[in-house]
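To start, the structure itself, in structure tokens.
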Amino acid sequence: MKAIRIHGRGGPDHLVYEDAPQPHPGPGEVLVRIHATGVIATELQWDETYQTATGSPRTLPIPGRDLSGVVEEIGQGVTTFAPGAEVYAMLGYGRDGAEADYTIALPDELAPKPHALDHVQAAAVPLSALTAWLALFEHARLEAGQTALIHGGAGGVGVFAVQLARWAGAQVIATASARNRDFLHELGASVVIDYSAERFEEVVHHIDVVFDLVGGETLARSWQVLKPGGVLVSVVSPQPPADVTKGHDARFAWFIVEPNRELLIQIGALIDAGQLRPIIDAVFPLSQARQAYEQGTKGHMRGKIVLRVAD
Ligand SMILES: NC(=O)c1ccc[n+]([C@@H]2O[C@H](COP(=O)([O-])OP(=O)(O)OC[C@H]3O[C@@H](n4cnc5c(N)ncnc54)[C@H](OP(=O)(O)O)[C@@H]3O)[C@@H](O)[C@H]2O)c1
């Protein structure tokens, strides 16, 4: 089969489009024919990309956590799916991913592909939508009537966070550059702050939930806009500097997203009901993964970059 394999630790230069052995499903595994896969530009920096779950080095790893495709073959004992089923998934860390004609998935990673989406659209959903959902509803426990400030609202995760927070009945404020203002209003943000022209802490106060997708100084400055008892969830920085949290009565949370079949089924239902939609910045053929990652690492996407694997 054709695959993208990583020939050395570093940036997109190490990605090679080449022949690779096709995997076969063992007991409890599912072989998926990949139709599209979402690009997560930071995946090339993760330790998990270069080692197995037990810490052994991986040879020529295949990246790609997000997939949309069709079940090709099932291993012994798999009852959830049959060959021919259209599926989408976030794959776990430390093993080969979806930037290939075929990959191995586990039944508890796979959910039925939303009917409303084609494969390219569906591949833009799993990791980003799961991250947004977990941040807002599990970690921040966002409720209707509350105010959520979403930093990086126009990016891969941000577009889902803005829509989900609005769907939950929150008032949504997003930070983004000026070119994304109208776009984010359409997605559900009532206020959009251009981060290059205004300091958000001079514009908003008394926020219930801040969801940080930017980190650094943006995270540090966020404490002052939270109301007492508010929550700051970051998926960028695991720990806020002690000096910036001092004197603020707010809770901090950080997490790393994991595969979640049940949640993907719920997210798929929202998509099919017209409440949530993926946003795709660009689509590249699998053979141009290097260019896709180069674009992704610039950090100015509107939604996701997707690699098309099968026509
Ligand atoms: N821990 C986890 O499980 C987890 C899961 C998913 C993602 N993440 C992390 O979360 C971060 C965001 O992920 P992503 O996929 O959404 O990234 P992304 O798609 O690369 O985000 C790009 C967006 O960020 C915006 N942006 C850049 N600088 C900004 C600033 N100072 N203020 C506000 N917006 C800014 C850009 O807007 P403009 O184009 O308008 O500048 C662009 O729309 C990444 O660091 C990623 O590694 C972590």
Side-chain angles (χ1 to χ4, degrees), residues 12 37-49 63-66 90-93 123-136 138-140 148-165 172-185 187 189 191-204 210-222 225 232-239 252-260 263 267 278-282 292-306:
T37 174
V39 171
I40 298 142
T42 52
E43 188 172 349
L44 302 185
Q45 273 105 56
W46 304 343
D47 289 342
E48 293 80 358
T49 304
R65 295 305 101 197
D66 279 342
M90 176 194 161
L91 301 175
Y93 305 103
V125 176
L127 183 141
S128 298
L130 288 172
T131 304
W133 182 291
L134 293 169
L136 296 174
E138 301 275 326
H139 292 274
L149 169 62
I150 296 161
H151 289 307
V157 179
V159 295
F160 287 109
V162 168
Q163 294 179 81
L164 286 171
V172 182
I173 302 166
T175 58
S177 62
R179 75 181 179 100
N180 285 315
R181 187 181 296 277
D182 292 346
F183 163 70
L184 285 172
H185 280 307
L187 277 193
V191 178
V192 179
I193 302 170
D194 171 6
Y195 67 83
S196 62
E198 290 175 291
R199 290 176 74 82
F200 62 85
E201 67 273 33
E202 291 169 4
V203 182
V204 294
V210 174
F211 181 21
D212 168 46
L213 290 155
V214 175
E217 203 214 338
T218 300
L219 169 63
R221 282 159 44 211
S222 292
V225 305
L232 200 168
V233 183
S234 178
V235 287
V236 183
S237 305
Q239 216 174 356
F252 179 78
W254 179 79
F255 67 97
I256 293 178
V257 63
E258 295 283 345
N260 190 325
L263 210 43
I267 288 166
I279 305 294
I280 295 177
D281 183 286
Y293 276 84
E294 278 161 3
Q295 187 165 320
T297 25
K298 289 180 188 152
H300 294 288
M301 275 100 66
R302 179 184 284 179
K304 293 286 293 186
I305 295 176
V306 175

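Order of listing sets the numbers, starting from 1, for every ligand and every atom in it. Note that the structure is a prediction, hence the values are computed from the model and not measured.
With respect to Glu217 and Arg221, a salt bridge is recorded, a charged nitrogen being found less than 4.0 Å from a carboxylate O.
The distance criterion of under 3.5 Å between nitrogen or oxygen atoms is met by His300 with respect to ligand 1. At a 3.5 angstrom cut-off on N or O pairs, Ser177 counts as close to ligand 1. Between Val236 and ligand 1, no N or O atom pair is found at a separation short of 3.5 Å. The shortest N/O to N/O separation between Asn180 and ligand 1 falls below 3.5 Å. Close N/O approach between Val214 and ligand 1 is not found [any backbone or side-chain N/O within under 3.5 Å]. Between Tyr195 and ligand 1, at least one pair of N/O atoms sits closer than 3.5 Å.
In the vicinity of Gly155, heavy-atom distances shorter than 4.0 Å reach the ligand 1 atoms 16 (O), 19 (O), 21 (O), 22 (C), 23 (C), 43 (O). For ligand 1, the atoms closer than 4.0 angstrom to any heavy atom of Leu127 are 6 (C). Heavy-atom proximity to Gly152, at under 4.0 Å, picks out these atoms of ligand 1: 33 (C), 34 (N). Heavy-atom contacts of Thr42 reach the following atoms of ligand 1: 47 (O) (cutoff under 4.0 Å). Listed by number with element, the atoms of ligand 1 under 4.0 angstrom from any heavy atom of Ala154 are 43 (O).
Taking the six-membered ring where the residue is Trp, the centroids of Phe160 and Trp133 are separated by 6.0 Å or more. Aromatic pair Phe211/His139: centroids not less than 6.0 angstrom apart.
The shortest side-chain heavy-atom distance between Ser237 and Trp254 does not fall under the 4.5 Å cut-off.
Taking a 4.0 Å cut-off on heavy atoms, Gly299 registers as neighbouring ligand 1. By the 4.0 Å heavy-atom criterion, Arg302 is excluded from the residues contacting ligand 1. Residue contacts with ligand 1: Arg179 is included, with a non-hydrogen atom under 4.0 Å away.
Below 30°, between 30° and 60°, or above 60°: for Trp46 and Tyr93 the angle between ring planes is above 60°, a perpendicular geometry.
Checking side-chain atoms of Asn180 against main-chain N and O of Phe183 turns up no donor-acceptor pair under 3.5 Å.
For atom 19 (O) of ligand 1, the closest heavy atom belonging to the protein is Gly156 N, 2.8 Å. For atom 8 (N) of ligand 1, the closest heavy atom belonging to the protein is Val235 CG2, 3.8 Å.
With a 4.0 Å heavy-atom cut-off, ligand 1 is reached by the backbone of Val157 and by its side chain too.
For atom 12 (C) of ligand 1, the nearest non-hydrogen atom from the set Leu213, Val159, Thr131 comes from Leu213.
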